[in-house]
Amino acid sequence: MKKTNHYLLLLLSILLTATQACKKTASEVPTVEYTVTVSYPDTYAQTKATNAKVTLTNSTTNNKLTVNTNAEGIATFSQLLPGNYQISVERTLTAADALTLTGIEAEAFLNASATNQLITANGNLNLKLSGSAVGGLVFKQIYYTGSRTPSNGTYFTDQFYEIYNNSTEVIYADSLYLGESGGSAKITANSAIFNFDKSAGNVYLTTVWMIPGTGKSHPIQPGQSIVVSSNGINHKTDANGNVNSLDLGKGVSDFEGYVATTGKDVDNPDVPNMDLVLFTTSTNNWLATVFGPSMVIFKSKNVASYRQIIEPGSTNGRLFMEVPGSVIIDAVEANANATAATHKRFPTSLDAGFQYCSGTYVREAIVRKVRTTVNGRRVLQDTNNSTEDFTVTKNILPKSWE
Ligand SMILES: [Ca+2]
Ligand SMILES: [Ca+2]
């Protein structure tokens, strides 16, 4: 009898549990805990992306759930209904955020997404943010002074321009224009002043090159650079070279300026040529002034329609391409000496100052200062004032650092 009661109780207990389980299934759908771990791009100072807005959209109901990431970069969705979800992440960086994370003070918008995530159990998804580049291309180094030969002769076919990706993302050099302003440096107090009105913010170019490519042929990684030379040869060992000069040949120069029309420039087949867009000087090959040139890089689809005009007051008929300041990516002005502010060719909106070397044929380059280093990537100083942003060096290191 006692034994029977025991079985009865056990049976009742099982029935009761089963009933409760059924009840629970009927009224409450089982949920899962799902986390999304968000990280910053590899070029950033930190990995964990805090305060990123993570949105899960249920593909069937179109219900949206939003959770911000915590200090660990994790957004936790507890009691999530199983199903198929679209996942998106947004993170707006204030200028102050960007300065900390990228070394450059500029607002930026980052995002990440994952489509059709079938979530049926507890789990985690890692997502890495990407977005618009913070920063851009800048001149890192310009060498224009030329050098002295062992017999004290002058040598000046060895000029180069190093263009650096100062941003957080890959930038393509394809269709990047490199331009040299017209106008003299202040060689003497009586040197002519470039007579274009600067108040409209334009530049007036005498030589314009374009880097060729199909759009994504020439990637420049963040913290990397390309070197563009007037003549991409090893000047130290060339038969007509100068042992005191530089190696700008294959492996150093990414592009060279080859002026086919003069019949007197030399084309190094090992270094690709840029496309020549405008060349209004009378030299055999491309030579910027050794007293200090003013250079720009820009991108534009409208170059063919830019006006080519004569300098006001000039009678020599020489044409300069008028390029609007709005398309200029970077502008750097060099000039002959400390007193040359009177002979600036660029508007102050593009370059508030200028830099100068100690003389001509002195084998000196102007080089941009490193502002900070973020995750191993040097961020160069770019305040649009070459007086502040550049220093002068005799230790010329294309694609390298002191
Ligand atoms: Ca050349
Ligand atoms: Ca070549």
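Remember, it's 1-based here, ligands and their atoms both numbered in the order they're listed. Quick caveat, the model's predicted, so the values are computed rather than measured.
Aromatic pair Phe196/Phe320: centroids less than 6.0 angstrom apart. For Phe298 and Tyr177, the distance between ring centers is under 6.0 angstrom.
In this pair, Phe156 and Tyr361 present their aromatic rings tilted. The plane angle is within the 30 to 60° band. Between Tyr155 and His235, the angle of the ring planes goes over 60°, which puts this pair in the perpendicular group of the 30/60° scheme.
The environment of NZ in Lys53 is sparse: at most 12 heavy-atom neighbours from other residues, nucleotides or ligands sit within 6.0 Å. Within 6.0 Å of CD on Gln308 lie more than 12 heavy atoms contributed by other residues, nucleotides or ligands.
Rounded to the nearest 10 degrees, the angle OD2 (Asp265) to the Ca ion (ligand 1) to O (Ser230) equals 150°.
Coordination check, Asn231 versus the Ca ion (ligand 1): passed, since an N/O/S atom of the residue sits under 3.0 Å. The Ca ion (ligand 1) has no N, O or S atom of Trp286 under 3.0 Å away, backbone or side chain.
The Ca ion (ligand 2) has Glu256 OE2, Asp267 OD1, Asn268 O, Val271 O, Asn273 OD1 as its protein N, O or S neighbours under 3.0 Å.
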Please lay out, stage by stage, how Trp286 and Tyr161 fare under the test ring pair (Phe, Tyr, Trp, His ring centres under 6.0 Å).
-> CA-CA 12 Å; Trp286 175 37; Tyr161 307 85; 5.1 Å; yes
